[in-house]
S.K.: 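Below: one structure in structure tokens.
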Amino acid sequence: MPGSFLETPVEYLKGVGPARAEILKAELQIFTFGELLSFFPYRYIDRSKIVKISEIKDDGSYIQIRGKIVNVLSTGALHSKRVIATVTDSSGELDLIWFQGAKWIIDKLKTGTEYIIFGKPSWFKGRLNIAHPELEIPGDQPVPLSEIIRPLYNSTEKLKSKRFDSKGISKLIKTLLLSEKFHMPENLTPGIISELKLIDRQVAFVNIHFPASHEILARSRARLKFEELFYIQLRLLRQKFIRVNKQSGLTFASVGKNVNDFYHHHLQFEMTNAQKRVIKDIRSDLGSGKQMNRLLQGDVGSGKTLVALMTMLIALDNNFQACMMAPTEILANQHFQNISRMLSGLDVTIKLLTGSTKQSDRKEISEGLQNGTVNILIGTHALIEENVRFNNLGLVVIDEQHRFGVAQRARLWEKNVITPHILVMTATPIPRTLAMTLYGDLDISVIDEMPPGRKPVVTRHVFESKRGQVFDFIRQTIGQLNQVYIVYPLIKESETLDLKNLLEGYEIIKSQFPDPAYSIGMVHGKMKQKEKDREMTRFLNRETQIMVATTVIEVGVDIPNASVMVIENAERFGLSQLHQLRGRVGRGSDQAYCILMTGDKLTNDARKRIQTMVRTHDGFEIAETDLKLRGPGDMEGTQQSGLLNLKIADIVRDEKILKYARNMAVAIIKDDPELEKPENSILARHLIHINKSMENWGLIS
Ligand code: ADP
Ligand code: MG
């Protein structure tokens with residue numbers, strides 16, 4: 001049976017065994033031969049290159065030298081014995097050091113003999129040395145798999161302690177590749193392979209580990225990257241096809257009284273063109289008879305709520321109920337109040353359901369939902385509790401999507417026999433490449449235009465040493481009856497330390513802005529939700545003038561009178577987070593300011609982040625820069641998707657390959673959506689294989 005070799009448990013590999021296999025499973029999630037073969041090197045060393053000792057750079061990279069051992073010395077007591085061998089080439093000398101296996105190595109080292117020495121040099125007390133180098137005598141018999149370009153594999157301390165260092169891993173993989181049974185079945189069609197001039201899969205697997213040349217290595221990498229990205233796209237597009245064609249959706253055929261009434265008589269302003277365009281997208285989805293699954297991206301303040309509201313009214317006009325879910329109670333509250341206000345005068349019943357809704361109110365809401373008298377329900381995750389049942393739920397709006405887990409969202413889909421339409425709103429701008437990879441099965445709309453008359457937030461970088469000026473500016477701001485946020489970083493690894501910083505900061509602020517002339521509030525992640533909400537409400541009601549906070553305030557509460565945001569230790573924040581925070585000010589009519597305070601010394605990356613913030617307000621530009629500086633794994637909302645566990649592709653650097661992969665997948669699904677043509681059976685089979693391993697991920701990413 002083909003493939004059984006690849007599925008063989010890794011403990012059966014010669015030199016592994018059950019005990020060491022446990023380490024491979026625990027540390028690298030490698031269970032089978034196939035998975036071991038898919039553990040790709042992260043770098044390569046060109047072993048045809050010999051460096052002169054005098055030209056060694058102190059940059060932490062592996063190098064290879066060729067030289068004679070002139071002296072061998074062993075020092076230390078029995079158990080801390082070490083061996084030091086001095087090597088020279090024509091240009092200089094360095095020491096080779098072994099801290100372990102001294103006795104064994106000493107017998108092997110021969111003075112006067114020339115070796116090829118491979119390792120990572122470092123400086124110690126003014127002398128260059130290489131610890132635990134690899135030695136070879138030039139002209140040793142050639143190996144069956146070329147090791148001129150040597151692979152380097154990631155390892156961990158645990159792995160290394162079981163002899164699974166880079167070299168150990170490489171040895172195991174070599175055993176597999178040299179096995180008679182080794183075979184990598186092709187998983188792309190001849191059509192794709194010839195159109196994109198890809199190399200054979202088996203050839204790619206051999207050469208990704210043991211490249212015969214730089215050229216074939218490059219082609220192997222390209223082939224495997226393509227394969228990885230292509231199957232992600234194919235999988236997403238298949239899911240979308242099933243959703244759109246196999247599952248029928250509710251049809252909202254018309255817009256009616258509520259939409260017209262609201263639009264013509266209640267809306268206080270003209271919609272932006274972007275808002276109109278998005279609503280048009282949504283209307284055509286809702287009328288299509290297919291379930292809508294749309295991601296709405298729009299920068300903070302771009303007016304997503306209005307789009308949600310209009311969409312909900314369309315649902316109502318078609319005799320369906322709608323609900324809207326927000327990540328925190330205070331946000332749910334704010335949506336409830338805004339939407340109630342905007343819809344006052346219309347015959348629409350709106351209810352709020354959160355963790356603090358009283359039992360008696362719950363009962364009434366529950367009845368109203370079931371008999372259909374409640375039209376719109378707004379709330380927190382309390383909405384997805386099992387006992388919340390609707391009469392006829394037609395639309396689910398989810399605000400600030402990245403705050404919800406996959407499983408939580410999946411539960412909402414089940415609240416009607418036919419899956420309701422879904423509109424997911426996010427203010428986290430997701431760069432196109434990432435969106436393509438993560439949300440390939442969602443339709444995406446973007447609001448790329450701000451409502452008119454909005455003054456951009458003026459952003460300034462201020463060094464710690466000029467703190468006094470910032471305090472003056474805060475006094476001035478409060479003097480003009482505006483309010484101020486002061487934000488401190490709170491980063492997980494050093495939570496207690498950060499909390500201490502925050503409390504110290506709070507004391508300093510208090511001493512600068514004393515009672516009773518000033519009053520100061522504080523929110524942080526260690527507080528209970530109720531306390532946080534109370535503090536935010538006090539700030540909203542202008543009972544406090546300064547809000548000392550951590551990033552808990554980053555998600556969407558609207559306080560138009562807050563016009564200044566000071567971000568302490570701004571160098572410690574990610575770009576997206578800075579952008580999100582800045583979005584909390586500039587919501588009123590007054591000119592808003594964002595002050596980024598940093599220490600006097602900045603790393604290059606930190607400087608780039610700060611400069612980007614000062615230069616631009618464009619969320620997408622900021623997200624692109626962020627992606628480049630941090631890599632995709634750090635983007636908010638991407639960890640939980642399980643999709644970014646890429647083995648070889650890099651969605652930032654491999655944007656071009658991603659486009660090829662995307663286009664190819666689109667063309668194939670368009671031509672043969674069920675993958676039932678004989679030539680596509682190879683794709684169908686591999687997709688089933690992939691789906692098996694991803695079974696737990698729901699319909700939506
Ligand atoms: P976000 O996209 O961050 O959720 P909101 O929906 O809260 O943004 O809108 C921000 C503010 O802009 C609100 O006060 C809203 O009433 C206002 N707004 C939305 N659309 C327009 C528009 N077309 N013209 C003027 N103001 C608008
Ligand atoms: Mg919002």
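Here, residue 1 is the first one in the sequence, and each next residue gets the next number. Both counts, for ligands and for their atoms, begin at 1 and track the order of listing. Treat the numbers as computed from the prediction; the structure is a model and nothing was measured.
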S.K.: Could you work out, for atom 8 (O) of ligand 1, the closest of Gly583, Pro452, Gly303, Ala308 by heavy-atom distance?
M.R.: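 Residue with the shortest heavy-atom distance to the ligand atom: Gly303.
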
S.K.: Measure across Pro489 and Glu568 and return the closest heavy-atom pair with its distance rounded to 0.1 Å.
M.R.: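 Nearest heavy atoms, Pro489 then Glu568: CD-O, 3.5 Å.
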
S.K.: Check each atom of ligand 1 against the heavy atoms of Thr272 and keep those under 4.0 Å away; list them by number with element.
M.R.: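 Matching atoms, with element in brackets: 23 (N).
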
S.K.: Do Phe573 and Ile567 have side chains that approach each other closer than 4.5 Å (heavy atoms only, starting at C-beta)?
M.R.: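 Side chain of Phe573 against side chain of Ile567, heavy atoms only: contact under 4.5 Å found.
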
S.K.: What protein heavy atom is closest to atom 22 (C) of ligand 1, reported as residue, atom name and distance in Å?
M.R.: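 For this ligand atom, the closest protein heavy atom is Phe269 CD1, 3.3 Å.
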
S.K.: With heavy-atom distances below 4.0 Å as the criterion, list the atoms of ligand 1 near Glu270.
M.R.: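 Every atom of ligand 1 under 4.0 Å from some heavy atom of Glu270: 22 (C), 23 (N), 24 (N).
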
S.K.: Provide, to 0.1 Å, the distance between atom 3 (O) of ligand 1 and the closest protein heavy atom, together with that atom's residue and name.
M.R.: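 It is Gly301 N, 2.6 Å.
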
S.K.: Could any protein non-hydrogen atom be found less than 4.0 Å from atom 13 (C) of ligand 1?
M.R.: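 It does not: no protein heavy atom is found less than 4.0 Å away from atom 13 (C) of ligand 1.
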
S.K.: Determine whether the aromatic ring centres of His421 and Phe252 lie less than 6.0 Å apart.
M.R.: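 Yes, they do, as the ring centres are separated by less than 6.0 Å.
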
S.K.: Below 4.0 angstrom, N of the basic side chain to O of the carboxylate: do Lys276 and Glu270 qualify?
M.R.: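 Glu270 and Lys276: salt-bridged.
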
S.K.: Numbering the atoms of ligand 1 from 1, which are under 4.0 Å from a heavy atom of Asp299?
M.R.: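 Selected atoms, number and element: 2 (O).
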
S.K.: If you look at every heavy atom in Lys455 and Ser589, which pair is closest and at what distance?
M.R.: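 That would be NZ-O, 3.0 Å.
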
S.K.: Tell me, which protein residue and heavy-atom name are nearest atom 26 (N) of ligand 1, and how many Å apart are they?
M.R.: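 Protein heavy atom at minimum distance: Pro451 CB, 3.6 Å.
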
S.K.: Is there at least one pair of N or O atoms, one from Leu306 and one from ligand 1, spaced under 3.5 Å apart?
M.R.: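 Between Leu306 and ligand 1 (N or O atoms, distance only) the closest approach is not under 3.5 Å.
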
S.K.: So if I count the atoms of ligand 1 from 1 in the order they appear, which ones are less than 4.0 Å from some heavy atom of Met271?
M.R.: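 Checking each atom against Met271, I get 23 (N).
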
S.K.: Kindly give the heavy-atom pair with the smallest separation between Ala274 and Ile447, and that separation in Å.
M.R.: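 Smallest heavy-atom distance, with atoms named: CB-CG2, 3.7 Å.
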
S.K.: Is there side-chain contact between Cys323 and Phe390, with heavy atoms separated by less than 4.5 Å?
M.R.: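 They are in side-chain contact.
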
S.K.: Quick one: does NZ or CZ of Arg475 land under 6.0 Å from the six-membered ring centre of Phe513, within 45 degrees of the ring axis?
M.R.: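 Judged by the rule, Arg475 and Phe513 form a cation-pi pair.
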
S.K.: Which residue holds the protein heavy atom closest to atom 11 (C) of ligand 1, what is that atom called, and what is the gap in Å?
M.R.: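 Protein heavy atom with the smallest distance to atom 11 (C) of ligand 1: Arg454 NH2, 3.7 Å.
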
S.K.: Who's closest to atom 4 (O) of ligand 1 heavy-atom-wise, of Asp399, Thr305, Asn338?
M.R.: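 Among Asp399, Thr305, Asn338, the closest heavy atom to atom 4 (O) of ligand 1 comes from Thr305.
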
